[in-house]
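Each chain gets a letter, A, B and so on, in the order the sequences are listed, and its residues count up from 1.
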Number of protein chains: 2
Amino acid sequence: MPRWLEAFPTAKIAPAGSTIQRLPASALVWLRLDDVHPALEQLAVLRKAIGTSPVIALSNHPDNEEALSLFSAGVRGYCNAHAAAANLRQVANVVQAGGLWIGEALMQRLLASTQTAMSRIPVSVSAMDEGVSPSAERLSLLTKRELEVARTVAGGSSNKEIARQLGITERTVKAHVGAVFQKLKVRDRLHLALVVNGQRLT
Amino acid sequence: MPRWLEAFPTAKIAPAGSTIQRLPASALVWLRLDDVHPALEQLAVLRKAIGTSPVIALSNHPDNEEALSLFSAGVRGYCNAHAAAANLRQVANVVQAGGLWIGEALMQRLLASTQTAMSRIPVSVSAMDEGVSPSAERLSLLTKRELEVARTVAGGSSNKEIARQLGITERTVKAHVGAVFQKLKVRDRLHLALVVNGQRLT
DNA sequence: ACGGCTATTGGACCAAAGGACAGTTTCGGG
DNA sequence: CCCGAAACTGTCCTTTGGTCCAATAGCCGT
């Protein structure tokens, strides 16, 4: 058993060239890259066999270029094939939780190449004591009727539906909705929904 | 208690402006970004208080540029402040395991800007994406581009904004949005947001 | 009684959203 | 090489959403 599998006692090894029909949703697939074939090619072959299961690539000689191409091809993790068992377990945890495992160096590389105009953190700390008003406070600014309308809007109802539901005119609904927008400082009903639903109303 | 904390019963909330002396090594710090101050500034203030503990930023309106700058400033995760509790737990798991949490869209962006000559092999991602939303099955019906648009719509962007952001015509955005509506069986963008963000329709 | 807040409605106007047609192009698989 | 899926763009049109100008009526506290 290869070293990089020792960390995972329950892991199964598929015979070379075999096609696996159904993989449990939780399956993690490790791709041990060889040093001869193009990495993307190896991945493509693997994909044919395993479908869309998350793949973690293990390279003998980690390289940013290689990592880059693999990530863009859908790989969820990339690390040194000779990493310690504990590290590999960590990678597995991250990927299994739906995350990406990216080496620190590669991350820096990615960020660096994307910066066009990003100032180097001027950190001019102006006290931000007062300006932070989580929308919890703002919701209490609403009148009873406005709150009622706001919730219904956030639930996905159209103005017309709300009007019918509340027994008032669509015009009036618009008035309430408009008032809510102002008080909560949102520009449209979708943003209202994000705020209201993120606030966990009862 | 804010929604994004409900997922973590043992979480502690520090009083505004307080300086925390010692944080356990396992501590995770959530930074809820407001809509007014520069994200980097908010992070800087937080850093003064908590030192080097891993920080996950929560944004009301996720934006690639913002995410980029935060990651380069050392943030370990970045996601929608209105994400479902389950998603947040997942983010926490990934970061606590030492990983980075990067949205699919941002990942694509990073890769795209770094590509020099990488056109072989199709990008066949789309399966495991940013969230384990309850409607993950339906979301998997979407094409890559549709998913990208759907997420942005659900984040509160207008068609015009999305068009500018993706470098395509507003007309094309409408086409994608329309296709998403059909596939997810929703009637408008607000319902789409509810589905994507993991709420239930009323 | 008066001012202020709430709820209601009207009309007009413009921007955004969404549907209904119809197209071109690119690219991978059979 | 052809087919189909995906991405993309166009025009025309209707419906909805959102903001501006108003106005009327009830309620509450000083």
Side-chain angles (χ1 to χ4, degrees), chain A residues 40-41 43-45 47-48 51-52 72-74 139-196, chain B residues 105 108 112 118-127 139-195:
Chain A
L40 286 179
E41 200 171 288
L43 178 61
V45 171
R47 277 273 177 242
K48 280 209 193 308
T52 59
S72 91
L139 277 182
S140 63
L141 292 178
L142 303 182
T143 69
K144 187 173 299 183
R145 197 60 154 172
E146 285 166 354
L147 190 57
E148 192 177 4
V149 171
R151 284 178 178 152
T152 318
V153 168
S157 300
S158 68
N159 289 341
K160 194 170 296 183
E161 288 171 338
I162 299 173
R164 192 166 35 79
Q165 191 177 322
L166 299 183
I168 56 181
T169 312
E170 181 176 352
R171 180 61 192 81
T172 309
V173 175
K174 281 188 175 182
H176 289 313
V177 171
V180 170
F181 287 170
Q182 279 194 313
K183 290 184 178 177
L184 299 192
K185 301 189 203 304
V186 294
R187 70 179 187 206
D188 56 39
R189 59 209 299 115
L190 185 11
H191 281 210
L192 174 61
L194 293 178
V195 170
V196 170
Chain B
Q108 290 306 321
M118 220 166 51
S119 56
R120 205 60 69 198
I121 315 294
V123 182
S124 66
V125 195
S126 88
L139 252 51
S140 66
L141 292 178
L142 304 182
T143 69
K144 189 170 160 53
R145 197 58 154 172
E146 286 165 354
L147 190 59
E148 191 177 5
V149 170
R151 288 229 167 80
T152 317
V153 167
S157 300
S158 68
N159 289 341
K160 193 170 298 183
E161 288 171 337
I162 299 172
R164 193 165 35 77
Q165 193 177 319
L166 298 185
I168 56 180
T169 313
E170 182 175 351
R171 176 62 188 85
T172 309
V173 175
K174 283 188 177 182
H176 289 312
V177 171
V180 170
F181 287 169
Q182 281 194 315
K183 289 185 178 177
L184 299 191
K185 300 188 206 302
V186 294
R187 70 180 186 204
D188 57 39
R189 59 208 298 114
L190 186 10
H191 280 206
L192 173 61
L194 294 180
V195 169

Would you check if His176(B) and Thr152(B) make a side-chain contact, meaning some heavy-atom pair closer than 4.5 Å?
no
Does Glu161(A) come within less than 4.0 Å of Arg164(A), counting only side-chain N to carboxylate O?
no
To the nearest 0.5 Å, how far apart are CZ in Arg189(B) and OG in Ser158(B)?
7.0 Å
Could you point out which residue of Leu147(A), Val149(A), Val196(A) forms a side chain to side chain contact (heavy atoms under 4.5 Å, CB included) with Leu142(A)?
Leu147(A)
For nucleotides 5-18 of chain C, give me one character per nucleotide, 5' to 3': B if any protein heavy atom sits under 4.0 Å from the base, S if the only such contacts are to the sugar-phosphate, - if neither.
-SSSBBB----SBB
Considering only heavy atoms from C-beta outward, does the side chain of Leu141(A) approach that of Gln182(A) to under 4.5 Å?
no
Between Ile162(B) and Val153(B), is the side chain to side chain contact (heavy atoms under 4.5 Å, CB included) condition met? List the steps.
CA-CA 8 Å; Ile162(B) 299 172; Val153(B) 167; 3.4 Å; yes
Please round to 10 degrees the angle between the axis of the first five pairs and the axis of the last five pairs in the helix from dA1(C)-dT30(D) to dG30(C)-dC1(D).
40°
One should read off an interatomic distance between Arg145(A) CZ and Thr172(A) OG1, to the nearest 0.5 angstrom, of 9.0 Å
On DNA chain D, which is the earliest and which the latest nucleotide, 5' to 3', with an atom closer than 4.0 Å to a heavy atom of chain B?
dA6(D) to dT11(D)
As an exercise, state the distance from CZ of Arg151(B) to CD of Glu146(B), rounded to the nearest 0.5 Å.
12.5 Å
What distance separates Ile168(B) CD1 from Lys174(B) NZ, expressed to the nearest 0.5 Å?
13.0 Å
Rounded to the nearest 0.5 Å, what separates atom CG in Leu194(A) from atom CG in Leu190(B)?
8.5 Å
